[in-house]
Amino acid sequence: MSLENKNALIYGAGGSIGGGVATEFAARGARVFLTGRHEPALSKLAEEIRAAGGQADVTVVDALDEIAELAQIMRVRMV
């Protein structure tokens, strides 16, 4: 299934499950917005996705911070 011209907000993208989902979505054409608490892991994943020709943005955010979550959702919707 193609995800061309779609945006995907991935929480916990620095972990193995979230990272796998992000990689697969990007491979199918989605622009992925990687979120999580661990910036080094997020940045590494974003570099890997971009090297494979995908689009990835990184935001460090704690999913328990509701205001930060809403801000990230609004950012994705505005793209």
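What you are looking at is a predicted structure, and each value in this text was computed from that prediction instead of being measured.
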Residues 2-21 vs side-chain hydrogen bond (donor to acceptor under 3.5 Å, both in side chains), sequence neighbours excluded, gives none

For Met1 versus Arg28, what's the shortest heavy-atom pair and its separation? N-NH1, 2.9 Å

Can you give me the closest heavy-atom contact between Ala41 and Gly14, atom names plus distance? CB-O, 3.8 Å

Rounded to the nearest 0.5 Å, what separation is found between the CD atom of Gln55 and the CD1 atom of Ile49? 10.5 Å

Where do Ala56 and Leu34 come nearest, in terms of heavy atoms and distance? CB-CD1, 4.2 Å

Measure across Ala22 and Leu45 and return the closest heavy-atom pair with its distance rounded to 0.1 Å. CB-CD2, 4.1 Å

Return the set of residues passing salt bridge (charged side-chain N to carboxylate O under 4.0 Å, His left out) with Arg37 (not counting sequence neighbours), or none when no residue passes. none

Looking at Thr35 and Ile10, would you say the former's side chain and the latter's main chain have a donor-acceptor pair under 3.5 Å? yes

At what distance, to the nearest 0.5 angstrom, does CG of Leu9 lie from CZ of Phe33? 8.0 Å

Joint hydrophobic cluster, Val21 plus Val61, side-chain heavy atoms closer than 4.5 Å: no

Of Val60, Asp57, Thr59, the one forming a side-chain contact (heavy atoms from CB on, under 4.5 Å) with Leu42 is Val60

